[in-house]
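Residue numbers start from 1 in every chain, and the chains themselves are labelled A, B, ... in the order their sequence lines are given, proteins ahead of strands.
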Number of protein chains: 2
Amino acid sequence: MAGIPDSVTMTALSHPAAPGPAGTPRPRTGRPTMAQVAEAAGVSPKTVSRVINGEPGVVATTAERVERAIAQLGYRHNHAAASLARGRTQDTVGLVIEGIAGRFYAELASGVEEVARAHGQQLLIASSEENPDRERETILALASRQVGGIIVVPRSGDHRYLRTELRSGLAVVFADRPPQRIKADYALVDNVAGAREGVTHLLRQGHRRIAFIGNELAVATSADRLEGYRQAHRDAGVDVDPALVVLGPTDVPSTEAALTRLATLPDPATAAFTQNSRLTMGAWRAIKQLDRPVALVGFDDFDLADVIDPPVTVVAQDPVELGRRAMHLLLRRIAHHNARHHHDILPTRLVVRGSGEIPPPRR
Amino acid sequence: MAGIPDSVTMTALSHPAAPGPAGTPRPRTGRPTMAQVAEAAGVSPKTVSRVINGEPGVVATTAERVERAIAQLGYRHNHAAASLARGRTQDTVGLVIEGIAGRFYAELASGVEEVARAHGQQLLIASSEENPDRERETILALASRQVGGIIVVPRSGDHRYLRTELRSGLAVVFADRPPQRIKADYALVDNVAGAREGVTHLLRQGHRRIAFIGNELAVATSADRLEGYRQAHRDAGVDVDPALVVLGPTDVPSTEAALTRLATLPDPATAAFTQNSRLTMGAWRAIKQLDRPVALVGFDDFDLADVIDPPVTVVAQDPVELGRRAMHLLLRRIAHHNARHHHDILPTRLVVRGSGEIPPPRR
DNA sequence: CCACGTAATGTCAGCGCTGTCAAGCTTCCT
DNA sequence: AGGAAGCTTGACAGCGCTGACATTACGTGG
């Protein structure tokens with residue numbers, strides 16, 4: 001070593017921010033490096049590395065000396081350098097969602113986070129803000145940051161651009177919506193069955209003209225929920241009137257407008273099934289304004305759905321659990337890169353509260 | 001160059017995933033490296049680097065050849081290596097929040113993201129899940145990933161552990177709550193004024209016994225909102241009854257219990273001021289169960305507050321704008337590391353809806 | 001037609017860390 | 001006592017990229 005006796009090294013370093021001993025140059029970043037810690041502790045950099053990474057084979061007294069030097073210098077591990085040296089990241093996974101706002105994504109993220117932390121993984125969330133092009137950019141940005149795996153809530157309809165990443169060893173899991181045009185693990189809610197149950201519930205009340213309000217079909221969840229709506233009608237032997245199926249509204253006002261129109265047709269809708277909670281709130285507001293009762297069942301639960309009047313019957317899903325499942329799939333994939341693809345389908349639950357039990361008007 | 005004629009290089013590489021030409025070894029990660037791209041394009045690695053980073057001084061035809069090689073090989077930039085070589089990260093900032101769930105944080109994050117993207121920065125969100133110790137870990141984890149700056153919504157009460165990071169050049173901005181025991185930029189809502197306005201509103205209706213329900217005082221927002229409550233009383237010449245101040249409930253059920261107790265005291269509370277939307281919903285539910293009217297004003301707005309009965313009067317804040325401001329502060333700090341510390345204080349807005357205008361019972 | 005200025009491209013070291021392997025030091029056995 | 005075996009520690013190369021500087025190619029004016 002550089003001729004510094006072990007025993008005096010620590011006390012000699014009283015000003016961590018001041019220019020250090022001449023032997024080891026200060027790093028460009030302004031942060032102390034492992035080499036400086038090593039010098040301060042009177043050991044080799046490799047030993048410092050061992051201590052930091054908890055590798056075995058370091059005697060307690062040495063480890064302690066290193067720890068003290070770390071504390072004294074305010075050393076922070078340089079994750080970029082470590083990733084580079086190792087050739088892979090350690091303990092980091094990414095989550096790509098459309099936007100952080102919205103209860104559904106927030107809960108999904110917290111489920112992912114819960115499992116990630118339990119497995120010592122740091123979770124990085126990046127949002128693609130509803131833009132399919134940005135989705136690709138965001139995923140690649142995360143991948144180039146050497147995360148060990150990525151959970152994607154996809155928006156776009158073609159994920160072939162991920163082939164390269166998958167081939168080069170990136171673990172990718174899809175959540176809430178399945179991958180398109182590539183094979184990968186995914187965790188989903190049983191959208192078809194959930195929607196079918198909700199719509200069947202309305203049909204059982206005697207409704208025959210049930211509006212469906214959803215997003216564009218490009219998003220798989222929409223298509224599935226519409227399929228559930230269709231199946232429920234088929235099971236009940238009722239024809240679907242295409243005029244009652246509205247795809248497109250994404251915000252509260254346009255949903256209000258759409259529902260108002262459908263409920264005031266010459267042959268009006270007497271009930272509505274909405275595809276997500278925002279649309280449900282919009283529909284609920286529209287119904288509140290109308291002078292005739294319209295039944296309502298929504299997909300996805302929301303705060304205060306039980307206390308507004310009428311309280312809203314919903315097909316509830318469990319986004320937190322969805323996140324947990326997705327993270328488990330990801331961990332499995334990271335551990336076994338060549339395992340067979342797995343798919344998790346979560347059930348939904350009909351929560352009866354009132355709005356879905358309004359009978360159709362007698363004629 | 002390695003003797004490969006420029007003109008045939010591209011077509012010769014038909015199997016990007018197959019073992020490449022012997023000259024350049026395959027990287028350990030399984031992803032192609034810049035050197036391989038360079039070889040494929042018949043240029044030097046540095047030129048590839050120039051193209052990727054958009055540096056000037058590359059002739060269009062060369063750039064195009066490089067682009068083609070990148071596409072063909074499925075090359076992805078290795079961000080870790082780039083950060084290491086540069087000594088700093090490029091275009092990445094971090095956001096540390098307590099938990100992604102909850103409308104407030106979600107909106108704040110989307111404000112941050114909006115500005116970040118507009119400035120070409122990738123945002124990484126990490127959650128500390130309500131645990132003050134985790135907060136430190138999470139921030140340091142982000143810092144060790146070489147982000148250019150961090151926005152923190154702090155939970156803990158002592159941020160001196162950041163001194164080392166600040167000194168070594170990390171840009172840190174606090175949002176929603178000020179830093180404790182260190183100096184730093186921050187963006188806040190005017191909690192004192194907002195709470196004062198809300199409570200004054202209740203006092204003007206004639207209420208003299210107003211409950212305050214909040215979190216632990218350790219969180220600065222709580223302390224400030226309580227201070228606003230006190231100021232309003234002082235301004236109105238009304239004494240605060242300490243028995244009406246309840247700190248601690250964080251979820252709906254415990255808030256319900258607390259309010260029920262206060263409203264059924266021998267000398268009961270006739271109104272309540274709640275410190276955040278979760279508490280407001282809890283209080284609202286409790287009031288709904290009681291046989292006597294209790295006025296309610298809550299801090300922070302929430303979905304459906306206008307349609308429940310009674311509709312809830314709130315002191316609204318703008319979390320999206322708060323996020324935007326914080327991000328602007330961060331950008332400024334990154335650009336000017338030695339600038340003076342800046343503080344942004346956002347105003348609140350009283351939204352009158354009904355629950356806050358319930359008069360005290362005549363006696 | 002050549003010296004010279006400028007634009008385009010290449011060379012090379014090294015960022016901070018870790019994997020591999022080798023060296024030094026004990027300890028314990030025969 | 002001698003040596004094998006085990007343990008702790010160190011030396012060193014190199015991960016993939018970029019900054020600084022060197023070199024080459026290309027025009028241009030005298």
May I have all residue pairs that pass ring-ring contact (aromatic ring centres under 6.0 Å, His included) and include part of residues 50-83 of chain B, sequence neighbours excluded?
none
Identify, residue by residue, the members of residues 52-62 of chain B with a heavy atom below 4.0 Å from DNA chain D, and return them in order of residue number, or none.
B:Asn53, B:Glu55
Is any side-chain N or O of B:His77 closer than 4.0 Å to OP1 or OP2 of D:dT18?
yes
Does anything in residues 324-335 of chain B form a salt bridge (Lys or Arg N to Asp or Glu O under 4.0 Å)? List the pairs, not counting sequence neighbours.
B:Glu114-B:Arg324, B:Asp185-B:Arg332, B:Asp185-B:Arg333, B:Glu321-B:Arg324, B:Glu321-B:Arg325, B:Arg325-B:Asp344
Is the distance from OP1 or OP2 of C:dG16 to the nearest side-chain N or O of A:Thr33 less than 4.0 Å?
no
Just how large is the angle between the end axes of the helix from C:dC1-D:dG30 to C:dT30-D:dA1, five pairs per end, to 10 degrees?
50°
Would you say the base of C:dG19 and the side-chain of A:Arg50 have a donor-acceptor pair closer than 3.5 Å?
no
Residues that B:Arg340 engages under side chain to side chain contact (heavy atoms under 4.5 Å, CB included), provided they are two or more places apart
none
Can you pull the salt bridge (Lys or Arg N to Asp or Glu O under 4.0 Å) pairs that have at least one residue in residues 42-55 of chain B, sequence neighbours excluded?
none
Test side-chain hydrogen bond (donor to acceptor under 3.5 Å, both in side chains) applied to A:Glu113 - qualifying residues, sequence neighbours left out
B:Ser127
Keeping to residues at least two apart or across chains, list the salt bridge (Lys or Arg N to Asp or Glu O under 4.0 Å) pairs with something in residues 69-82 of chain A.
A:Arg76-B:Glu165
Got a second to check how far A:Ile70's CD1 is from A:Met34's CE, nearest 0.5 Å?
7.5 Å
Residues which pass side-chain hydrogen bond (donor to acceptor under 3.5 Å, both in side chains) with A:Glu67, listed by chain and number, not counting sequence neighbours:
none
